[in-house]
Amino acid sequence: MTSIAIQEKITSFTLSLNPSFDLLRAIMQEYKIDSFLDYYLSNNPENKDCYHNRLHTLVATLDAIEGASFDRVQGADMVSVILAMLFHDSQHSCGKYSDDINISKAREDFKQAFAICADSSPGVHKSKEHIFETALDLIQCTMWPTPKANNPDKPLQTIVRDADLMALYQNKPERLSLLVGLYNEMRYGYDIDEYSFLDQQATFATNIKWRTRWASIKSFNRNWPQCAKQSIAELELHFKVKKNVKNIRI
């Protein structure tokens, strides 16, 4: 599938009208790796009360594909990006454990999926070892908070990191359920209250720094600042609190 074809497919996909994996399956079928999607869906429940659920995975994976297409990523590297984002939150604890443990579980689940699906997926046969190692590396680099490193991100790493963050604020009805799910996870894992969560979201939205040109353009087109402000306002209504978030500058 060409970069233009991917862009056209994703542009035609309206998440609010059809939040399903149909488009992702169509893309993965083109790359002959759709058996991995069957594995993922069979081993990851909906988790509707959490942020790290199927919807987040769908949005983040489609965004990563779009970002990779924008940068003309092709072949084995594109397959690596797709598989990494599909599994980057696989078997997520939804707040029970720190993200280093979540990432470890995701990597192990990807290894299991690869052992089961690789031989029946022609899209990985020519570059099996490269795809396996690259996808594992990309899953690792989605850990939050991002570990400080002496070396700058590699190109594929910048794409998946931006896509993972980009999925947070959507100009869609689903964003409130995703954000409430994130609050549920943080309350479970860090004993955070509504006021602290609103403050944290304002800080995050204000200080976001995109790593790729694609994400900068996408955030402008998606109107990230307005989405963030609206999201925080919707959270206030949901929590039935009113807080003047001092550090919001978006």
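The chain is numbered in sequence order, starting from 1. Owing to the predicted nature of the structure, the values given are computational and were not obtained by experimental measurement.
Looking only at atom types and distance, the side chain of Ser35 has a donor-acceptor partner in the side chain of Ser121 under 3.5 Å away. In the model, Asp162 has a side-chain atom that pairs as donor or acceptor with a side-chain atom of Thr212 under 3.5 Å. A donor-acceptor pair shorter than 3.5 Å can be found between the side chains of Asp109 and Tyr39. At a cut-off of 3.5 Å, with distance as the only test, a side-chain donor of Gln157 or Asp137 sits close to an acceptor on the other residue. Under the 3.5 Å distance criterion, with hydrogens and angles disregarded, a donor-acceptor pair is assigned to the side chains of Arg175 and Gln230. Side-chain atoms of Asp164 and His56 include a donor-acceptor pair closer than 3.5 Å. A donor-acceptor contact closer than 3.5 angstrom links the side chains of Asp193 and Ser196. Tyr169 and Gln226 form no side-chain donor-acceptor contact under 3.5 Å, judged by distance and modelled atom types alone.
Partner His52 forms a side-chain contact (heavy atoms from CB on, under 4.5 Å) with one of Asp89, Thr57, Asn47 and no other, that one being Asp89.
In summary, the aromatic rings of Tyr195 and Phe239 are positioned with their centroids too far apart to meet the 6.0 Å limit. Between Phe114 and Phe110, the distance from one ring center to the other falls under 6.0 angstrom.
Here the NE2-CD distance, from His238 to Glu194, works out to 8.5 Å after rounding to the nearest 0.5 Å. One distance of note links CE of Met28 with CG of Leu37; it measures 5.0 Å at 0.5 Å rounding. Once rounded to the nearest 0.5 Å, the distance linking CE of Met85 with OG of Ser80 reads 13.5 Å. From Met166, atom CE reaches atom CD of Glu66 across 8.5 Å, with rounding to the nearest 0.5 Å. Interatomic distance, CD1 of Ile131 versus CG of Asp77, reported as 8.5 Å (0.5 Å rounding).
The side-chain heavy atoms of Val160 and Ile139, taken from C-beta on, include no pair separated by under 4.5 Å. Looking only at side-chain heavy atoms (C-beta outward), Phe204 and Leu168 come within less than 4.5 Å of each other. A 4.5 Å side-chain heavy-atom check between His88 and Leu138 finds every atom pair outside the cut-off. Between Lys218 and Trp224 there is no side-chain heavy-atom pair separated by less than 4.5 Å. Residues Arg211 and Asp153 are in side-chain contact: their nearest non-hydrogen atoms beyond the backbone lie under 4.5 Å apart.
Counting heavy-atom neighbours within 6.0 Å of Arg213 CZ, excluding the residue itself, gives a total of 12 or less. Counted within 6.0 Å of NZ on Lys111, heavy atoms from surrounding residues, nucleotides or ligands total more than 12; the atom is thus considered enclosed. No more than 12 heavy atoms of other residues, nucleotides or ligands shown are found within 6.0 angstrom of CZ on Phe220.
Asn207 places a side-chain N or O within 3.5 Å of a backbone atom of Thr203 that can act as its donor or acceptor partner.
Heavy atoms only, all atoms of each residue included: Ser69 and Met78 are closest at N-CE, 3.8 Å.
Comment: Asp100 does not engage Lys105 in a salt bridge, judged by the lack of any side-chain N to carboxylate O separation of less than 4.0 angstrom.
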